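Have a look at the structure below before the remarks.
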Amino acid sequence: MILTTIKRIIKSGWKSFWRNNGLAVATIFIIVMIISLINGLFIFQAATDFLVSNLQEKADVSIYFNENISEAEILEVKKEINAVEGVNSIEYISREMASEKFVEKYKESQILMEALEIVEDDPFLASLNVKMAEASDYAVLNGFLEEKFSEKIYKINYFENKEVIESIFSISSDVKRFTFVFSLFLAVLGILVAFNTIRLTIYTLKEEIEIQRLVGASNWFIRGPFVVQGIIAGIFATMISLLIFIVSFYFLNPQLKNLFLGFDFFGYFVNNFLFILLIGLVCGISIGVISSLIAMRKYLKI
Amino acid sequence: MIKFQNVTKIYPYPKVAALRNVSFNVEKGEFVSIIGKSGAGKTTLFKLILGEEIPTEGTLFFKEINIPEINKSNLYKLRQQIGIVFQDYRLIPSKTAYENIAYALEVIGADDEEIKRDVSKVLEITNLTERAESFPDGLSCGEKQRVAIARALIHRPDFIIADEPTGNLDPLNTQEVIQTLVKINELGTTIILVTHNKEIINILGRRVITLEEGKIIRDEERGRFIL
Ligand SMILES: Nc1ncnc2c1ncn2[C@@H]1O[C@H](COP(=O)(O)OP(=O)(O)OP(=O)(O)O)[C@@H](O)[C@H]1O
Ligand SMILES: [Mg+2]
């Protein structure tokens, strides 16, 4: 008998889902919005992470040494810098390597090449290229260098790039903080809208719920079909939202890739498909089911 | 079967005394008619029996169960034992005539075979076979009333309350409905019927309770229709 009842509830929910199109369309629309928002933020978060680490890669400092400093001395300095906290990597660039790099980079430019030949002294200096973990670490490194090796160092490129480096770091952490707060805000807003929409549609079913009570339906016999409808709406909404993502990422991937320094949205989406599907289903179904249960509570009192 | 003990019902908003100190018993197997002018409190009586309203004073029993004390979430057990015809039909708007009738069987957990068989039979008896797939909005008042009656009888309750079940029926249909009620009453079902129809009272020749402004002013075996 319990099995018959469960079967009956599912059948009734399925039927009502297709009949009360108002409830179905409104609910699905709202749930699609929320799921898309949540998944969109999830993907955007991954994209900004990618962007930030990419920018961090690019931030570095070049320490140029005076011409009279030998390679052995520089390698000695390198060792000491290595002991400084927050150093990610150090690369030694000899005068020859610097010149090769320059030639490699500008071999197409006739004028520069000619100019290089005219210069009598070798214009290139040996340098150490240092990458730090955090923006604030560059200041520490700078202090360390000024104190210990100021007479050996010709110049530190840090002072030219300082602002760029610092702004990159502060922008990326701001972006992260902002997207987090903004997404939380939108998600809460979305859930409130969803709840209200469902409440309004259930209000129109007030009479129906009360009649069901009066002719002897138990509360779960009445709620059951709504739960089923909430589940169906959640599943449909997830499908629609995923479809929107697939289509838009597929067509916008090249543009987005450019914007986010090569982050592959479509690839990321495909790789994390199961996870994204799961987020959608969990959010969609729980919003559909919980809000209809809360909304109908007061009509079950008769 | 039903016992009212000094029941007073005052609706709070607007403040209306619908029943005043009403006491009566209905024994198993009785067929009782209730008459009274509009606003006398007849429908209120039924709302109390269903637990839809709670008496302001006094109490009432259904087979030894104190109705006002039943927990709201358990009221369905009481309601499943009663066949109810509402004055305003109360059909579920989103369900067809067939589904409305079947619903009374679904809530008690009847199996699909039984539902199919019984509902088809009842539709035939009430001349609604052709309207089976219509929604309440597409039914005439008489048709809605017949669906409401069919829903009240389908699960063979041993207690039926019918609030003016013949108000919108033509004389022939009225006859049939009353005959049906008499027949199931003879099989042992207890019935309380609210009616404004003098002829029905005369034909029945059974107990009549007369209400006036919320008070019982007459309660007679083989009662007459006097308002
Ligand atoms: N929910 C309510 N709130 C306030 N007053 C109510 C409510 N329901 C009914 N009443 C009042 O209680 C009185 C009795 O109402 P009831 O519906 O029981 O009358 P009735 O005998 O069924 O009348 P009718 O023959 O017209 O159906 C009426 O005066 C009515 O206006
Ligand atoms: Mg009435």
Side-chain angles (χ1 to χ4, degrees), chain A residues 1-27 198 200-229 232-233 292-294 296-302, chain B residues 43 46-47 49-54 71-96 98-115 133 135-137 144 147-148 150-155 157 159 161 163:
Chain A
M1 189 180 128
I2 286 176
L3 225 69
T4 326
T5 304
I6 291 173
K7 222 176 72 194
R8 203 159 273 162
I9 285 172
I10 293 173
K11 209 169 131 194
S12 158
W14 178 255
K15 248 187 199 169
S16 310
F17 179 80
W18 294 106
R19 264 184 205 166
N20 307 334
N21 293 336
L23 181 65
V25 173
T27 314
I198 292 173
L200 282 178
T201 21
I202 286 193
Y203 176 75
T204 64
L205 299 172
K206 170 184 190 307
E207 188 197 356
E208 182 155 345
I209 294 169
E210 289 176 352
I211 296 171
Q212 292 174 336
R213 283 275 302 165
L214 287 174
V215 297
S218 70
N219 280 350
W220 276 109
F221 198 80
I222 299 172
R223 284 186 197 119
F226 284 95
V227 170
V228 172
Q229 287 186 71
I232 301 174
S292 52
L293 285 185
I294 295 175
M296 68 190 301
R297 218 178 23 176
K298 69 171 173 234
Y299 307 126
L300 293 173
K301 290 205 176 121
I302 198 168
Chain B
T43 300
F46 283 0
K47 286 185 173 169
I49 293 174
L50 288 180
E52 191 181 342
E53 295 286 350
I54 299 288
N71 195 304
K72 289 239 183 260
S73 56
N74 282 326
L75 270 175
Y76 73 95
K77 291 176 191 158
L78 167 77
R79 292 166 180 170
Q80 284 180 359
Q81 298 180 60
I82 305 175
I84 318 134
V85 183
F86 298 96
Q87 191 172 13
D88 49 359
Y89 326 123
R90 302 245 182 147
L91 301 178
I92 298 168
S94 71
K95 290 189 187 294
T96 62
Y98 180 99
E99 289 164 348
N100 263 286
I101 299 169
Y103 198 73
L105 285 175
E106 288 176 359
V107 298
I108 60 169
D111 60 61
D112 293 343
E113 295 286 295
E114 189 186 341
I115 293 179
E133 297 309 316
F135 290 91
D137 274 347
K144 280 189 236 184
V147 174
R151 180 180 62 186
L153 306 182
I154 189 98
H155 58 296
F159 179 46
I161 54 182
D163 198 347

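Letters A, B, ... mirror the listed sequences (proteins, then strands); counts begin at 1. Note that the structure is a prediction, hence the values are computed from the model and not measured.
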So, the side chain of B:R79 versus the backbone of A:R213: is there a donor-acceptor pair under 3.5 Å, distance only? yes
Checking the side chain of B:Q80 only, and the main-chain atoms of A:G216 only, is there a donor and an acceptor separated by less than 3.5 Å? yes
Less than 4.5 Å apart, any side-chain heavy atom of [X] and any of [Y]?
X     : Y      : answer
B:K47 : A:L214 : no
B:Y76 : A:N219 : no
B:S94 : A:K15  : no

Roughly how far apart are [X] [atom1] and [Y] [atom2], rounded to 0.5 Å?
X      : Y     : atom1 : atom2 : answer
A:L300 : B:K72 : CG    : NZ    : 11.5 Å
A:I302 : B:E53 : CD1   : CD    : 8.0 Å
A:S16  : B:I92 : OG    : CD1   : 9.5 Å

Measure [X] against the heavy atoms of chain A and call it side chain, backbone, both or neither at under 4.5 Å.
X      : result
B:I115 : side chain
B:K77  : neither
B:L78  : neither
B:A152 : neither
B:I108 : backbone

With side chain to side chain contact (heavy atoms under 4.5 Å, CB included) as the criterion, how do A:K7 and B:D112 come out once you've worked through the C-alpha distance, each side chain's angles and the decisive distance to 0.1 Å? CA-CA 11 Å; A:K7 222 176 72 194; B:D112 293 343; 3.7 Å; yes
Does the pair A:E207/B:R90 count as a salt bridge with the N-to-O cut at 4.0 Å? no
Specify which of A:Q212, A:K301, A:E210 makes the most heavy-atom pairs with chain B at under 4.5 Å. A:Q212
Report the C-alpha separation of B:Y89 and A:I211 in whole Å, then their side-chain angles, then the decisive distance to 0.1 Å, and conclude whether the side chain to side chain contact (heavy atoms under 4.5 Å, CB included) test is met. CA-CA 10 Å; B:Y89 326 123; A:I211 296 171; over 6 Å; no
Go through A:S12 and B:E99 one step at a time and tell me if the side chain to side chain contact (heavy atoms under 4.5 Å, CB included) criterion holds. CA-CA 10 Å; A:S12 158; B:E99 289 164 348; over 6 Å; no
Heavy-atom pair of closest approach, residues A:E208 and B:P93: OE1-CD, 4.1 Å
Applying a strict 4.5 Å limit to non-hydrogen atoms, the region of A:T4 in contact with chain B is side chain
